Amino acid sequence: VTQVREAVINIRKQKLPDPNRVANNGSFFANPIIDRHTYSKLAKKYPAIKAWEINNGYKISAAWLIEEAGFKNKPDPETGITTWKNQSLVLVNKKAKYTKDLLNYQDKITDKIYELFGINLEREPELLP
């Protein structure tokens, strides 16, 4: 158990930023689940798509979608947000001042993913009042 825990911690240290040093929300988008028909169409167009078969469909890598859409480690000058260099699911605050900046960047990503793939990404973190 201790070895597994240490292995998981080491993997996370390599992929995720230290929140004490880099302002981030952790994993920001959930991996979407799509039906077999939609997956087949996407796999023909994007042979390198990262997905896992589950029940009656496929779970698609949200990180792969984000990278394929061109957002990997590409700072957005308008919002001050970017994706983390080692994990595209993690959004990093480079110079944003307001929550609306984060939400605007979220919308840029989700709109582009829908435009390219017809998939709706869902935010994982819950917004507090």
Side-chain angles (χ1 to χ4, degrees):
V1 174
T2 302
Q3 289 177 332
V4 171
R5 181 178 184 277
E6 288 176 14
V8 169
I9 289 170
N10 285 332
I11 290 169
R12 286 184 179 200
K13 282 182 181 178
Q14 291 172 12
K15 287 193 158 214
L16 304 174
D18 179 349
N20 294 318
R21 295 184 181 165
V22 179
N24 76 89
N25 258 21
S27 180
F28 199 80
F29 295 105
N31 291 321
I33 297 172
I34 60 174
D35 61 55
R36 291 180 183 281
H37 177 71
T38 303
Y39 173 75
S40 293
K41 288 190 335 188
L42 287 173
K44 284 179 186 170
K45 189 171 181 179
Y46 304 96
I49 193 170
K50 291 186 181 175
W52 304 269
E53 190 171 4
I54 60 164
N55 301 327
N56 293 323
Y58 285 83
K59 184 179 276 195
I60 304 297
S61 166
W64 182 87
L65 293 168
I66 292 165
E67 291 170 17
E68 192 69 21
F71 289 97
K72 183 174 183 175
N73 198 26
K74 184 179 175 188
D76 182 54
E78 181 184 331
T79 64
I81 307 288
T82 189
T83 59
W84 181 243
K85 60 185 175 185
N86 297 332
Q87 178 47 268
S88 297
L89 285 178
V90 177
L91 302 187
V92 176
N93 182 353
K94 290 291 189 180
K95 62 177 184 166
K97 295 184 181 181
Y98 305 103
T99 303
K100 71 175 180 164
D101 296 323
L102 174 64
L103 298 178
N104 286 340
Y105 190 65
Q106 167 200 271
D107 291 346
K108 287 181 179 194
I109 291 174
T110 57
D111 291 350
K112 189 66 172 180
I113 297 302
Y114 188 79
E115 175 189 323
L116 292 173
F117 307 105
I119 294 174
N120 288 310
L121 283 185
E122 293 184 20
R123 178 182 60 236
E124 286 190 308
E126 184 178 330
L127 293 179
L128 300 175

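Because only heavy atoms are used, hydrogens play no part in the values below, and waters and symmetry mates are left out as well, while side chains stay in. In this text the structure is predicted, and so the values were computed from the model without any measurement.
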Any non-hydrogen side-chain atom of [X] less than 4.5 Å from a side-chain atom of [Y]?
X	Y	result
Phe29	Ile113	no
Asp101	Lys95	no
Leu42	Ile119	yes
Phe28	Leu121	no

Of all heavy-atom pairs between [X] and [Y], which one has the smallest distance, and what is that distance?
X	Y	answer
Lys59	Ile54	N-CG1, 4.1 Å
Thr38	Asp35	N-OD1, 2.6 Å
Ser88	Ala63	CB-O, 4.0 Å

Are there over 12 heavy-atom neighbours, none belonging to Glu124, within less than 6.0 Å of that residue's CD? yes
Looking at Lys108, I'd like to know if its NZ atom is crowded, meaning that more than 12 non-hydrogen atoms belonging to other residues, nucleotides or ligands lie closer than 6.0 Å. yes
Quick check against the 3.5 Å criterion: does Thr83 have a side-chain atom that pairs as donor or acceptor with the backbone of Phe71? yes
Using the rule given for side-chain contact (heavy atoms from CB on, under 4.5 Å), can you reason through Ile109 versus Ile66, listing the C-alpha separation, both sets of side-chain angles and the distance that settles it, and then say yes or no? CA-CA 7 Å; Ile109 291 174; Ile66 292 165; 3.9 Å; yes
Go through Trp52 and Ser61 one step at a time and tell me if the side-chain contact (heavy atoms from CB on, under 4.5 Å) criterion holds. CA-CA 8 Å; Trp52 304 269; Ser61 166; 3.7 Å; yes
With hydrophobic residues grouped by side-chain heavy-atom distances under 4.5 Å, do Ile33 and Tyr58 end up in a single group? no
Is there a side-chain contact (heavy atoms from CB on, under 4.5 Å) between Thr82 and Leu91? Walk through the geometry before answering. CA-CA 6 Å; Thr82 189; Leu91 302 187; over 6 Å; no
